[in-house]
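These numbers come from a predicted model, not from an experiment.
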Amino acid sequence: GGRKRKAAQFVVQTLSGNPHLKTVIFSPTISMCEKIYDELPTPLRETAAIFHSKISVMDKEQILMEFADKRPGHTNVVIATKAFGMGIDISNIRNIIHFSPTSSVLDYVQETGRAGRDGQPAKSTLLYNEKDKELHLFLLDKTLERLEHELKSESKLGENEVQALISVERSKKEKQLDSMFEYCVASGKECLRNFLQRYFRIESNSLQYKENYSITIRILRWLWLNLLLSDKPTSKEFAINSCCCFCNPEYSHPLSRKAH
């Protein structure tokens, strides 16, 4: 539709203005990754790669090595699903663009945290439209259909037990999705740091979040405790005068901050 074409135009403009900066573009589906790639002008396509779960392990390794500049061949842009996941540590990624909101705040923070790990300026952009939620709900339906089929064919659970598990999983995922879209509309209306801290305080009470919570808190500390201003920060008491466009409308860059 028109909204996705406008989003694709934004991506092209961003990449054209900084063609040599390492960029990861996250998309919720493989088909959307391919459409974004097709929208790129030829010079940009020559330095771009698509990364998702259905490509071979060999192809994934080659893309990552080229993206990290560890072998001949030059890849500046990776268009990826969430398959470009944890454990990938390329320090000099300068841009993260989310072509659509993620399915949870946790995924969003972790994917955003892949930018600027070398301590140099980096930027993350989230493109958002209310209709994006319909796509995520559609994908959730498909995921739960597969899960229901697996439970019925591979477990000894009865019909009522299967439906109860599916209902619990749906409720959990829909709650995570609702929180992500609340974050999307919170920008400019409330402090985003407070939003994230409140969200992860609540989620950390759930045992399955313990490991991911600790990882995410490290990312949040990196973003907001002025760790970029010191090679060897000695205290967690570093703070910033402003952290988002709500706290300071003139906020322009994560490095334009001062410690209290």
Side-chain angles (χ1 to χ4, degrees), residues 4 6-30 32-33 35-37 39-40 44 47-53 60 63-64 66-69 75-129 132 136 180-181 183-184 186-187 192-193 195-196 199-200 212 215-224 227-228 243-245 251-257:
K4 288 305 179 187
K6 289 182 180 179
Q9 290 171 2
F10 169 83
V11 169
V12 171
Q13 291 171 359
T14 300
L15 298 180
S16 298
N18 302 280
H20 303 300
L21 298 183
K22 290 191 185 302
T23 299
V24 179
I25 304 170
F26 284 104
S27 168
T29 66
I30 294 173
M32 197 175 290
C33 287
K35 289 177 181 177
I36 296 170
Y37 180 85
E39 288 288 333
L40 299 179
L44 289 177
T47 60
I50 298 175
F51 190 103
H52 53 73
S53 60
K60 288 178 183 176
I63 290 170
L64 291 175
E66 290 181 358
F67 195 47
D69 292 335
T75 298
N76 287 327
V77 179
V78 172
I79 307 168
T81 62
K82 64 186 301 181
F84 192 88
M86 298 300 291
I88 294 176
D89 189 11
I90 297 175
S91 63
N92 60 340
I93 295 174
R94 301 269 71 86
N95 285 318
I96 298 288
I97 300 174
H98 281 90
F99 200 73
S100 174
T102 57
S103 58
S104 72
V105 177
L106 177 66
D107 286 345
Y108 175 71
V109 171
Q110 291 183 345
E111 290 172 2
T112 298
R114 296 191 183 106
R117 292 184 175 183
D118 57 1
Q120 298 303 309
K123 182 178 181 180
S124 177
T125 303
L126 170 60
L127 304 179
Y128 159 73
N129 187 289
D132 290 333
H136 282 286
M180 182 63 219
F181 278 79
Y183 177 85
C184 291
S187 180
L192 296 182
R193 172 169 57 174
F195 182 101
L196 291 172
Y199 175 82
F200 285 107
N212 286 334
I215 294 171
T216 304
I217 288 302
R218 289 202 298 272
I219 294 172
L220 294 179
R221 285 174 177 164
W222 177 85
L223 285 172
W224 279 311
L227 300 186
L228 295 183
C243 59
C244 64
C245 56
Y251 177 80
S252 60
H253 197 280
L255 289 182
S256 61
R257 19 172 138 159

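Checked by atom type and distance alone, the side chain of R114 pairs as donor or acceptor with a backbone atom of F84 at under 3.5 Å. Without hydrogens or angle criteria, R94 side chain to Q120 main chain gives a donor-acceptor distance under 3.5 Å.
Every side chain to side chain donor-acceptor pair (under 3.5 Å) that T29 has, sequence neighbours left out, goes to S31. For T47, the side chain to side chain contact (heavy atoms under 4.5 Å, CB included) test picks out N76, with sequence neighbours left out.
Side-chain contact between F67 and I93 is present, with heavy atoms from C-beta onward closer than 4.5 Å. Using a 4.5 Å heavy-atom threshold, the side chains of L44 and V77 count as separate. For the pair S100 and H136, the minimum side-chain heavy-atom distance is below 4.5 Å. Inter-residue side-chain proximity for V24 and I90 is flagged as unmet; no heavy-atom pair is nearer than 4.5 Å. Taking 4.5 Å as the limit, some side-chain heavy atom of F51 sits within range of a side-chain heavy atom of L64. Using a 4.5 Å heavy-atom cutoff, the side chains of K82 and T102 are not in contact. Counting heavy atoms from C-beta on, the side chains of C184 and Y108 never come closer than 4.5 Å.
Here the CD1-CD1 distance, from I36 to I50, works out to 9.0 Å after rounding to the nearest 0.5 Å. Expressed to the nearest 0.5 Å, how far OG of S103 lies from CG of D132 amounts to 12.5 Å. To the nearest 0.5 Å, atoms CD (E66) and OG1 (T75) are separated by 4.0 Å. Rounding to the nearest 0.5 angstrom, the gap separating the OG atom in S91 from the NZ atom in K22 is 9.0 Å. In this structure, CD1 on I97 lies 5.5 Å from OG1 on T125, to the nearest 0.5 angstrom. S53 OG to I30 CD1: the interatomic distance, rounded to the nearest 0.5 Å, is 4.5 Å.
Applying the 6.0 Å contact sphere to NZ of K35 captures no more than 12 heavy atoms from other residues, nucleotides or ligands.
Between F26 and H98, the ring-plane angle classifies as parallel under the 30° and 60° cut-offs.
Residues M180 and P101 approach most closely at CG-CB, 4.1 Å, considering heavy atoms. Contact between F99 and A8 at its shortest, heavy atoms only, is CE1-N, 3.6 Å. In plain terms, the two heavy atoms of A48 and Y37 that are nearest each other are O-CE1, 3.9 Å.
When the options V105, T112, L106 are evaluated for a side-chain contact (heavy atoms from CB on, under 4.5 Å) with V109, the one that passes is V105. None of V11, L21, L15 except one satisfies the side-chain contact (heavy atoms from CB on, under 4.5 Å) rule with N95; the exception is L21.
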Would you sort out whether T14 and T23 count as a side-chain contact (heavy atoms from CB on, under 4.5 Å), showing the intermediate values?
-> CA-CA 10 Å; T14 300; T23 299; over 6 Å; no

